[in-house]
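Working notes, structure below.
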Amino acid sequence: MNPATNLESLKQHEITGAVAVSTGKGGLPRVTVATAHSRTELYLHGAHVTAFQKNGEPPLLFMSTASHFAADKPIRGGIPICFPWFGARTGAPAHGFARLMEWHLAATSVLPDGRVSVRLRLLDNSGLAAQFPGKVEYTVTAGETLTLELHVVNTSGEHLAFEECLHTYFAVGDIAAVSVRGLKGVSYLDKVGEPATRTETESTIKFSSEVDRVYLDTVQPVIIEDAKLKRTIRVEKFHSKSTVVWNPWIAKAKAMPDFGDDEYHRMVCVESGNVAQNQMALTAGASSTLKVVLSSQLG
Ligand code: TA6
């Protein structure tokens with residue numbers, strides 16, 4: 001379908017004053033959501049939330065100024081959906097194919113409490129997605145908070161295993177003034193240098209070099225304290241046993257063409273999902289919903 005026709009058909013989901021559909025960067029279809037408390041932006045490409053900002057607050061999400069906006073590349077920043085695998089895979093895209101597919105805009109609605117909900121579906125009509133024997137939907141609900149729900153139904157007649165992770169990039173004033181709380185005592189896979197399994201000994205994690213840790217068997221909320229912006233961010237998750245904490249620091253930042261060399265100062269990833277030993281396993285006909293609620297306050 002050509003972009004103009006596509007856009008016209010997408011506009012059926014617009015809601016005056018709440019949901020608008022337009023052509024975004026790279027000519028990709030973009031949905032913007034306005035509520036009494038916030039503004040959200042998402043692209044159908046990857047069902048990728050690229051912006052969430054509460055009225056009177058700085059943007060909650062980091063977006064790289066060098067990000068691609070192209071059908072064959074992931075967007076750098078916001079909330080990439082890593083699915084149905086996490087990390088590298090020989091001969092296949094890192095973090096799965098979901099963030100490279102154009103998702104179908106299934107429905108939009110204004111809820112009785114004034115929040116606005118956008119529901120998207122991963123169509124199994126092409127490429128690697130056609131090989132995934134499940135129905136996948138993603139619902140983004142915006143208001144004072146941002147709620148993300150990744151819903152998977154095992155429509156195959158057999159056991160279905162997959163990984164899933166909402167790879168959220170948070171905007172911070174200065175990574176040197178950031179601390180992450182809620183992971184003390186949790187075992188993690190340390191992916192920096194020689195891979196190793198360690199246990200978190202700190203009640204607050206601080207950043208002075210590359211950090212790339214997959215915390216396992218943890219269901220607790222994680223708090224991001226940003227002393228520069230004087231903001232506290234809460235990452236609450238449901239049906240998620242894994243939390244990933246990542247900052248690329250200097251060398252990795254330089255090595256990513258879609259990430260500014262100095263952008264590591266202004267972001268931290270706290271990602272919520274089910275990866276590695278926490279991967280999902282659905283029996284025939286079973287379903288799961290990974291849910292994340294992002295909230296913040298200044299002062
Ligand atoms: O979540 C951390 C991580 O797995 C890092 O190892 C790094 O690869 C990051 O994801 C970004 O991956 P991407 O494929 O988006 O460049």
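Treat the numbers as computed from the prediction; the structure is a model and nothing was measured. For the numbers below, each heavy atom of this structure counts, side chains included, while hydrogens, waters and symmetry mates do not. Note that ligands are numbered from 1 as they come in the structure, with each ligand's atoms numbered from 1 the same way. All residue numbers in this chain count up from 1 along the given sequence.
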| note | Expected contact list for ligand 1 at under 4.0 angstrom, heavy-atom basis, is R76, F86, A94, H95, R99, H167, K191, D212, V244, W246, E271

Relative to the ring of [Y], is the ring of [X] parallel (under 30°), tilted (30 to 60°) or perpendicular (over 60°)?
X    : Y    : value
F97  : W85  : perpendicular
F83  : F132 : perpendicular
Y169 : W246 : perpendicular
Y43  : F69  : tilted
H104 : H13  : perpendicular

| V244 side chain near Y215 side chain, heavy-atom distance below 4.5 Å | no

